[in-house]
Amino acid sequence: MRALFEKSLGVLTAGCLSLFAASLYVLPAQAVEIQKVVSPGGIEAWLVEDHTIPQIAVNFSFNGGAAQDPKGKEGLTRLLAATLDEGAGDLPSQAFQARLEELAVTISFDAGKDRFYGNLRTLTPTRDEAFELLHLALTKPRFDAEAVGRMKAQLISSAKRNAEDADAIAALSYTEAALGDHPYARPTGGTPESLETLTPEDLVQQHKRLVARSDLTIGVVGAIDAKTLASLLDRVFADLPEDGDLSAIPEVMAKTGLQVSKSLQVPQTTLMFGLPGLKRDDPDYQAAYVMNHILGGGSFTSWLYEEVREKRGLAYGVNTSLIPYDHMGLVLGSTATRADRADETLKIVLEQIDRMATKGPTQAELDSAKRYLTGSYALRFDSSGKIASQLVALQNADLGIDYFDRRNSEIEAVTLDDVNRVAQRLLAGKEPTVVSVGPATD
């Protein structure tokens with residue numbers, strides 16, 4: 001849900017490809033041994049060393065994401081992500097991309113609300129040059145007018161599509177209603193109008209603000225040892241400035257009880273509903289995570305799925321998610337149904353939210369949810385890229401290097417009293433802010 005929510009706001013040679021495909025494997029969380037690696041220059045990374053396949057996955061993030069877009073320049077950080085690998089150093093865009101393809105190396109970047117992300121995928125024979133290309137992209141991006149114009153045109157096209165997409169309209173309408181003028185309410189992908197104003201100089205300045213060593217987090221998985229990685233960390237990141245120039249983002253709590261209706265001539269009405277949630281460091285987070293799974297997070301087993309789809313056939317799918325940002329949390333849900341049955345669908349959703357707040361689940365439902373959440377955890381470790389992403393997420397949330405070992409026991413420790421307490425805290429006596437997007441009806 002979080003990825004869809006943020007996306008809605010914004011919008012190799014054959015032999016090498018087979019090696020990348022072969023890197024998919026399921027590795028139990030308890031089997032992941034994490035090493036803390038510190039380079040001679042003081043740059044830290046978490047490493048899972050695995051020589052099964054000659055491949056290295058590197059994920060990293062910088063503090064400061066799309067919430068740092070200046071007002072009126074929404075989409076700037078997303079454009080930065082799209083252009084960092086469009087030429088660097090002496091290599092213009094076409095030459096840089098051709099070199100990546102020749103080496104079977106992938107480098108990409110992305111913008112979240114709170115952080116700016118990047119990743120590298122390389123085979124070990126091309127490791128050194130891959131790391132050098134990443135160094136160039138981070139430290140000497142070109143931002144040539146042609147490349148910037150081309151990527152900007154793609155983002156403008158995406159923003160125009162979002163303006164006609166029910167999910168994207170609902171997501172933006174929800175944040176505008178619930179968060180007002182807070183930076184989180186701005187569309188990550190920008191608008192056609194804001195994107196049109198962006199210039200290469202804007203990208204130069206945003207790059208200086210965001211891409212810095214302070215609060216840099218790095219996760220590495222694959223065929224590389226700690227000593228080799230330590231030297232490569234300095235080669236890639238040591239030339240970055242120590243500090244960026246970030247604007248302070250205020251804390252915010254989503255407004256409740258609002259109703260927003262947008263008319264759009266589409267076959268169905270999209271409903272989005274949300275309440276204030278929890279940040280990731282809240283002591284009740286794991287209990288809320290289990291509670292949400294029972295309410296709407298467990299795709300085919302949740303209360304909402306059972307009541308809305310299975311019993312009444314009102315929607316193809318319905319879900320809720322916890323969305324923890326640095327400065328707020330959300331409990332956010334969505335579904336789509338026939339326009340003439342939107343009110344009925346919303347009524348059932350609200351009844352299930354009230355049921356969770358007042359009655360809570362049974363012990364059998366709690367036990368089933370915990371079995372699923374602990375048993376499916378290994379799916380987060382079925383590729384080196386997923387593990388590298390998890391290593392970065394753990395550092396960003398300050399969960400500790402032993403979290404993989406602790407996580408399932410924390411889920412198993414959640415009791416019925418814990419779930420009822422957090423349901424009372426988040427849901428009792430609160431009316432969600434609701435957005436509907438669809439055809440007008442009588």
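Reckoned from all heavy atoms, side chains included, excluding hydrogens, waters and symmetry mates. Position 1 is the first residue of the sequence, and the numbers go up from there.
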> Can you list the steps and then say if Asp367 with Arg371 is a side chain to side chain contact (heavy atoms under 4.5 Å, CB included)?
Replying inline: CA-CA 6 Å; Asp367 292 342; Arg371 281 195 301 271; 3.8 Å; yes
> Passes side chain to side chain donor-acceptor pair (under 3.5 Å), Ser247 versus Arg209? Steps please.
Replying inline: CA-CA 9 Å; Ser247 301; Arg209 296 181 64 220; 3.1 Å; yes
>> Show, in sequence, the C-alpha distance, side-chain angles and deciding distance for Phe116 and Phe60, and conclude whether the side chain to side chain contact (heavy atoms under 4.5 Å, CB included) test is met.
In response: CA-CA 9 Å; Phe116 185 74; Phe60 53 92; over 6 Å; no
> Taking it one step at a time, do Leu427 and Met291 satisfy side chain to side chain contact (heavy atoms under 4.5 Å, CB included)?
Replying inline: CA-CA 11 Å; Leu427 309 177; Met291 180 272 291; 4.1 Å; yes
> Stepwise, does the side chain to side chain donor-acceptor pair (under 3.5 Å) test hold for Asn420 with Gln424?
Replying inline: CA-CA 6 Å; Asn420 290 332; Gln424 280 279 320; over 6 Å; no
>> Run the ring-ring contact (aromatic ring centres under 6.0 Å, His included) test on Tyr117 and Phe62 for me, step by step, so that the C-alpha distance in whole Å, both residues' side-chain angles and the decisive distance to 0.1 Å come before the verdict.
In response: CA-CA 7 Å; Tyr117 297 93; Phe62 301 95; 9.7 Å; no
>> If you apply the rule ring-ring contact (aromatic ring centres under 6.0 Å, His included), what do you find for Tyr184 with His182, and how did you get there?
In response: CA-CA 5 Å; Tyr184 283 163; His182 191 275; 4.8 Å; yes
>> Is there a side chain to side chain contact (heavy atoms under 4.5 Å, CB included) between Val148 and Leu203? Walk through the geometry before answering.
In response: CA-CA 9 Å; Val148 171; Leu203 293 169; 3.7 Å; yes
> Is there a salt bridge (Lys or Arg N to Asp or Glu O under 4.0 Å) between Lys140 and Asp239 once you walk through the steps?
Replying inline: CA-CA 10 Å; Lys140 297 179 180 179; Asp239 291 341; over 6 Å; no
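With respect to the salt-bridge test (charged N to carboxylate O, under 4.0 angstrom), the residues Lys160 and Glu164 do not qualify. We find that Arg425 and Asp282 are joined by a salt bridge, their nearest charged nitrogen and carboxylate oxygen being less than 4.0 Å apart. A salt bridge links Arg213 with Glu242; the closest basic N to acidic carboxylate O contact falls under 4.0 Å. Between Glu102 and Arg99 there is a salt bridge, with a side-chain nitrogen of the basic residue lying less than 4.0 Å from a carboxylate oxygen of the acidic one. Between Asp382 and Lys386 a salt bridge is recorded (basic side-chain N to carboxylate O distance below 4.0 Å). Taking a cutoff of 4.0 Å between a charged side-chain nitrogen and a carboxylate oxygen, Asp326 and Lys279 do not qualify as a salt bridge. The pair Lys73-Asp69 fails the salt-bridge criterion, with no side-chain N (NZ, NE, NH1 or NH2) lying under 4.0 Å from an Asp/Glu carboxylate O. The residues Glu176 and Arg186 are annotated as not salt-bridged, no charged nitrogen and carboxylate oxygen being separated by less than 4.0 angstrom.
With no hydrogens or angles considered, no side-chain donor-acceptor pair links Gln97 and Glu101 at under 3.5 Å. Of the N and O atoms on the side chains of Gln55 and Ser384, at least one donor lies less than 3.5 Å from an acceptor on the other residue. Side-chain contact annotation: Ser61 with Asn396, donor-acceptor N/O pair under 3.5 Å present. In the model, Asp202 has no side-chain atom that pairs as donor or acceptor with a side-chain atom of Gln206 under 3.5 Å. Side-chain contact of Thr415 with Asp417: a donor-acceptor pair under 3.5 Å is absent, judged by distance alone. Side-chain N/O atoms of Thr374 and Arg407 include no donor and acceptor closer than 3.5 Å.
At distances below 3.5 Å, not a single donor-acceptor pair connects side-chain atoms of Arg121 with backbone N or O atoms of Ile107. Proximity of a side-chain donor or acceptor of Arg309 to a complementary backbone N or O of Tyr316 within less than 3.5 Å is detected. Remark: side-chain polar atoms of Ser302 are paired, donor with acceptor, to backbone N or O of Tyr305 under 3.5 angstrom. Between the side chain of Ser93 and the backbone N or O of Ala147 there is no donor-acceptor pair closer than 3.5 Å. Side chain of Asn292 to main chain of Thr320: a donor-acceptor pair is present (N/O by atom type, distance under 3.5 Å, no hydrogens or angles). Remark: side-chain polar atoms of Ser368 are not paired, donor with acceptor, to backbone N or O of Ala364 under 3.5 angstrom. In terms of modelled atom types and a separation under 3.5 Å, the side chain of His207 and the main chain of Leu138 share a donor-acceptor contact. With Ser389 contributing its side chain and Gly385 its backbone, the two residues share no donor-acceptor pair below 3.5 Å. Side-chain atoms of Arg406 come within 3.5 Å of backbone atoms of Leu399 as a donor-acceptor pair (strictly under, hydrogens ignored). Remark: side-chain polar atoms of Thr335 are paired, donor with acceptor, to backbone N or O of Gly317 under 3.5 angstrom.
The 12-atom threshold is exceeded at CD of Gln35, counting heavy atoms of other residues, nucleotides or ligands nearer than 6.0 Å. More than 12 heavy atoms of other residues, nucleotides or ligands sit less than 6.0 Å from atom CG of Asp402.
Of all heavy-atom pairs between Glu44 and Ile218, the closest is O-CD1, 3.7 Å. Here the closest non-hydrogen pair linking Leu172 and Ala185 is CD1-O, 3.7 Å. Of all the heavy atoms in Ala369 and Val290, the pair that sits closest is CB-CG1, 4.3 Å. When all heavy atoms of Ala45 and Leu229 are compared, the closest pair comes out as CB-CD2, 4.4 Å. Nearest heavy-atom pair across Tyr285 and Pro324 is OH-CG, 3.7 Å. Closest non-hydrogen pair, Leu136 versus Ala88, comes out as O-CB, 3.4 Å.
Between Tyr372 and His293, the two ring planes are parallel [angle under 30°; tilted spans 30° to 60°].
Side-chain contact between Thr124 and Ile56 is present, with heavy atoms from C-beta onward closer than 4.5 Å. Using a 4.5 Å heavy-atom cutoff, the side chains of Glu49 and Ile224 are not in contact. In this structure, Thr139 and Phe237 have side chains that are not in contact, with every pair of non-hydrogen atoms separated by 4.5 Å or more. Looking at Thr77 and Leu210, their side chains come closer than 4.5 Å, going by heavy atoms from C-beta outward. Side-chain contact check for Thr217 versus Arg115: some heavy-atom pair is nearer than 4.5 Å. When side chains are defined from C-beta on, Phe404 counts as touching Leu391, because their heavy atoms get closer than 4.5 Å. In this structure the side chain of Ile353 reaches within 4.5 angstrom of the side chain of Pro432, judged on heavy atoms. Side-chain atoms of Asp128 and Leu232, non-hydrogen and from C-beta on, do get closer than 4.5 Å to each other.
Atom CG of Leu278 sits about 7.0 Å away from atom CG of Leu322, to the nearest 0.5 Å. With rounding to the nearest 0.5 Å, the separation of CG in Asp85 from CZ in Arg142 is 13.5 Å. Between atom CG of residue Leu275 and atom OG1 of residue Thr433 there is a gap of 7.5 Å, rounded to the nearest 0.5 Å. One distance of note links CG of Asp167 with CG of Asn162; it measures 9.5 Å at 0.5 Å rounding.
Considering only residues two or more places apart in sequence or on other chains, Arg235 meets the side chain to side chain donor-acceptor pair (under 3.5 Å) condition with none of them.
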